[in-house]
J.: 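Please find one structure pasted underneath; my questions will follow.
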Amino acid sequence: MPYMSVAAIDAAVDHVAATFPALARAIVLPERSVEGRIVKALRIAGGSGAGSVPDNRTGVLFVGGIHARELVNPETLVEFALRLCTARAGNTGLSFGP
């Protein structure tokens, strides 16, 4: 299966943010890629909204698409973000594997 294009990944990030506005927010990062492209991030917060997380909360950063031979690609991270938001919105858990 071929990798998603940059446009498809950007659309997926926007889709997660639009589908779960109380949990996720798409952020444009201040630096551009080496090709001059805009770089987006997705902030997911389970408190009172994606934009109102207190500074003293511990967070986790997942990074993908940095290197051609990396183990975790952007498609995996977008799918994980979608599953995480779906589970939070539905008040269910996440389960992977048998």
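In what follows, residues are counted from 1 in the order of the sequence shown. The shown structure was predicted, so the numbers you read here are calculated from the model rather than taken from an experiment.
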J.: Would you name the heavy atoms of Ala24 and Cys85 that are closest together and state the gap between them?
T.: CB-SG, 4.1 Å

J.: For Ala12 versus Met4, what's the shortest heavy-atom pair and its separation?
T.: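 Nearest pair, atom of Ala12 first, then Met4: CB-CE, 4.1 Å.
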
J.: Indicate if Ile44 and Val60 have the same hydrophobic cluster label, given that clusters are the connected sets of ILVMFWY residues with side-chain heavy-atom separations under 4.5 angstrom.
T.: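 Linked, Ile44 and Val60 end up in one cluster.
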
J.: Please report the closest heavy-atom contact between Pro74 and Gly64, naming both atoms and the distance.
T.: CG-C, 4.0 Å

J.: Taking all heavy atoms of Ala41 and all of Val13, pick out the closest pair and write down the distance.
T.: O-CG1, 4.1 Å

J.: In terms of ring plane angle, is the pair Phe80 and Phe62 parallel, tilted or perpendicular, where the classes change at 30° and 60°?
T.: perpendicular

J.: Taking all atoms of both residues into account, what is the closest heavy-atom pair of Leu23 and Ala89, and its distance?
T.: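 In terms of heavy atoms, the two residues are closest at CD1-N, 4.0 Å.
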
J.: Are Val78 and Leu94 linked, directly or through other ILVMFWY residues, by side chains that come within less than 4.5 angstrom of each other?
T.: yes

J.: Membership question, hydrophobic clusters at under 4.5 Å side-chain separation (ILVMFWY): are Val6 and Ile66 in the same one?
T.: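 Unlinked, Ile66 and Val6 end up in two clusters.
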
J.: State the CZ-CG distance between Phe20 and Leu82, to the nearest 0.5 angstrom.
T.: 5.5 Å

J.: Hey, does Lys40 have a side-chain heavy atom less than 4.5 Å from the side chain of Ile27?
T.: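 Answer no - side chains too far apart.
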
J.: At what distance, to the nearest 0.5 angstrom, does CG of Leu77 lie from CD1 of Ile9?
T.: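 Separation between the atoms: 9.5 Å.
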
J.: In Å and rounded to the nearest 0.5 Å, what is the CG to NE2 distance from Leu42 to His15?
T.: 11.0 Å

